[in-house]
Amino acid sequence: MAAWGLASAAPLLRGSYGLPLLHCIHRMFASQTEGELKVTQILKEKFPRATAIKVTDISGGCGAIYEIKIESEELKEKRTVQQHQTVNQALKEEIKGMHGLRIFTSVPKC
């Protein structure tokens, strides 16, 4: 029987982005990265009536891919594509340095 070692388990210990799961677990409990804070601040300035803004670096902390969830009255009466275009426009300069961006938008209920 072959010995079970960390090297043989490495493929099983990787998350969906190829990052070690221990790193992913650490990111779950860590405070926001510098990039997340910067993007969050820009969105707060561009969407002052936002009721929720959440920016997550889903590239493991290197700032290559972000997931943005924003709920704002400013997005009301816009189709989803227009909402996403509004967010893209707000982050126009920052997007130049990103490899990917996931955007989820919504309008506050009531």
Side-chain angles (χ1 to χ4, degrees):
M1 177 176 247
W4 181 263
L6 190 55
S8 62
L12 301 174
L13 297 176
R14 298 217 173 262
S16 57
Y17 293 99
L19 299 168
L21 285 178
L22 294 177
H23 177 77
C24 295
I25 290 170
H26 172 71
R27 278 284 300 136
M28 287 179 4
F29 298 107
S31 60
Q32 284 191 302
T33 65
E34 187 176 317
E36 290 169 337
L37 291 171
K38 182 179 179 181
V39 172
T40 300
Q41 185 59 39
I42 292 166
L43 291 172
K44 284 181 179 179
E45 291 171 8
K46 300 289 183 174
F47 299 95
R49 298 186 325 185
T51 54
I53 296 175
K54 182 173 184 195
V55 177
T56 307
D57 182 343
I58 58 174
S59 62
C62 69
I65 306 169
Y66 287 95
E67 178 177 277
I68 295 172
K69 295 180 181 178
I70 183 166
E71 180 180 272
S72 180
E73 189 69 31
E74 286 99 340
L75 302 173
K76 191 173 187 174
E77 298 181 13
K78 291 184 180 185
R79 293 176 300 172
T80 302
V81 171
Q82 293 170 321
Q83 292 175 357
H84 290 202
Q85 288 171 339
T86 303
V87 174
N88 280 327
Q89 185 62 33
L91 297 172
K92 184 169 67 172
E93 291 302 313
E94 287 66 33
I95 287 175
K96 291 177 183 178
M98 295 179 192
H99 293 288
L101 182 63
R102 276 198 240 170
I103 301 173
F104 299 92
T105 55
S106 60
V107 177
K109 294 177 177 39
C110 298

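Since the structure is predicted, the reported quantities are computational estimates derived from the model, not experimental observations.
Residues E36 and D57 come closest through the heavy atom pair OE2-N, 2.6 Å. In terms of heavy atoms, G63 sits closest to S59 at N-OG, 3.3 Å.
Members clustered with F47: V39, I42, L43, I53, V55, Y66, I68, I70, L75, V87, L91, I95, M98, L101, I103, V107, by chain and number, using a 4.5 Å side-chain heavy-atom cutoff among hydrophobic residues.
Ionic pairing of E67 and K69 is present here: one or more N-O contacts between side-chain nitrogen and carboxylate oxygen are shorter than 4.0 angstrom.
In this structure, the side chains of Q83 and S106 stay at 4.5 Å or more apart for every pair of heavy atoms. Annotation: side chain of E73 is in contact with side chain of P108 (closest heavy-atom distance under 4.5 Å).
Taking CD of Q82 as the reference point, atom CD of Q89 lies at 13.5 Å (rounded to 0.5 Å). Taking NZ of K109 as the start and CD of E71 as the end, the distance is 7.0 Å to the nearest 0.5 Å. For the atom pair CZ (R79) and NE2 (H84), the distance works out to 12.5 Å, reported to the nearest 0.5 Å.
Residues Q41 and E45 have side chains that bring a donor and an acceptor to within less than 3.5 angstrom of each other.
Without hydrogens or angle criteria, S72 side chain to E74 main chain gives a donor-acceptor distance under 3.5 Å.
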